[in-house]
Amino acid sequence: MAGRKGNDYAVIAAPIGRLGVTIRDGRLVDIAFLGARVRPRAPATGRGRRVCNRINAYFSNPRITFDLPLDLGGTPYQRRVWRALRRIPPGAALSYGALARRLRSSPRAVGGACRANPVPIVVPCHRVVAATGIGGFMGRRAGPALRRKQWLLEHERTR
């Protein structure tokens, strides 16, 4: 993606696996979980380096704030949920139901907005859990996605 004015793509080697980071016109638009065989790739722009540095800083200190410019797209409802997610502090968790009550919505709708979140970690959908357990992550209830959610929650609780 680098090469077009204002666009950049990098691959970060993170403790939870490779992360593909996409920046468009100076704004973070996507963080994707990639396979272990994908090679790390340095960002090509100053904005890309700043974004990757902030994400890497989170893995050293989960209390950092993400003051990054974002371009998330999404529906008005999804953007409202994503704003609410950013207000959940590191180390805390909120149930889908509790967040739904705050937003005067339903737990399923909140879960759908979490699943559609294009920038996990920066918009911390991992901090939303089921009333009786950890819940799902990225539309999955087991496997690598759920292990990532567990890791992120533990990372924030132990620091």
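The figures that follow rest on heavy atoms only: side chains count, while hydrogens, waters and symmetry mates do not.
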What are the two closest heavy atoms between I23 and G48, and how far apart are they? CD1-CA, 3.8 Å

Between L85 and I134, is there shared hydrophobic-cluster membership here, with clusters defined by ILVMFWY side-chain heavy atoms closer than 4.5 Å? no

Between atom CZ of R50 and atom CD1 of I55, what is the distance when rounded to the nearest 0.5 Å? 11.0 Å

Could you tell me whether D8 and R49 have a side-chain N and a carboxylate O separated by less than 4.0 Å? no

Counting only N and O atoms by type, is there a donor-acceptor contact under 3.5 Å from the side chain of D71 to the main-chain atoms of R27? no

Please test Y96 against S106 for side chain to side chain donor-acceptor pair (under 3.5 Å), starting from the C-alpha separation and ending with a verdict. CA-CA 8 Å; Y96 293 97; S106 75; over 6 Å; no

Residues which pass side chain to side chain donor-acceptor pair (under 3.5 Å) with R148, listed by chain and number, not counting sequence neighbours: none

From R24 CZ over to N7 CG, what is the distance, rounded to the nearest 0.5 angstrom? 6.5 Å

Check: R54 side chain, T65 main-chain N or O, donor-acceptor pair, under 3.5 Å: yes

State the CZ-CZ distance between R115 and R108, to the nearest 0.5 angstrom. 9.5 Å

ring-ring contact (aromatic ring centres under 6.0 Å, His included) against F66, all qualifying residues, sequence neighbours excluded: Y58

With no hydrogens and no angle check, is any side-chain donor or acceptor of Q78 less than 3.5 Å from a backbone partner on T75? yes

Do the side chains of L19 and F59 get nearer than 4.5 Å, heavy atoms only? yes

Parallel, tilted or perpendicular: ring planes of F33 versus F137, cut at 30 and 60 degrees: perpendicular

Using modelled atom types only, decide if a donor and an acceptor are shared between the side chain of W151 and the backbone of P15 within a distance under 3.5 Å. no

Between the side chain of R63 and the main-chain N/O of P90, is any donor-acceptor distance below 3.5 Å? yes

Does one hydrophobic cluster hold both I31 and L70, with members joined at side-chain heavy-atom distances below 4.5 Å? yes

Using modelled atom types only, decide if a donor and an acceptor are shared between the side chain of R18 and the backbone of G35 within a distance under 3.5 Å. no

Which atom of L28 lies closest to which atom of T22, heavy atoms considered: CD1-O, 3.5 Å

State the CG-CD1 distance between L34 and I12, to the nearest 0.5 angstrom. 10.0 Å

Please list every donor-acceptor pair under 3.5 Å in which a side-chain atom of residues 119-129 meets a protein atom from a residue at least two apart or in another chain.
unit_1	atom_1	unit_2	atom_2	d
H126	NE2	E156	OE2	2.8
R127	NE	E156	OE1	2.8
R127	NE	E156	OE2	3.3
R127	NH1	I88	O	2.5
R127	NH2	E156	OE2	2.9

Let me confirm one number: the CZ-SG distance from R47 to C52, rounded to the nearest 0.5 Å. 12.0 Å

Which value, rounded to the nearest 0.5 Å, describes the distance between L103 atom CG and R80 atom CZ? 5.0 Å

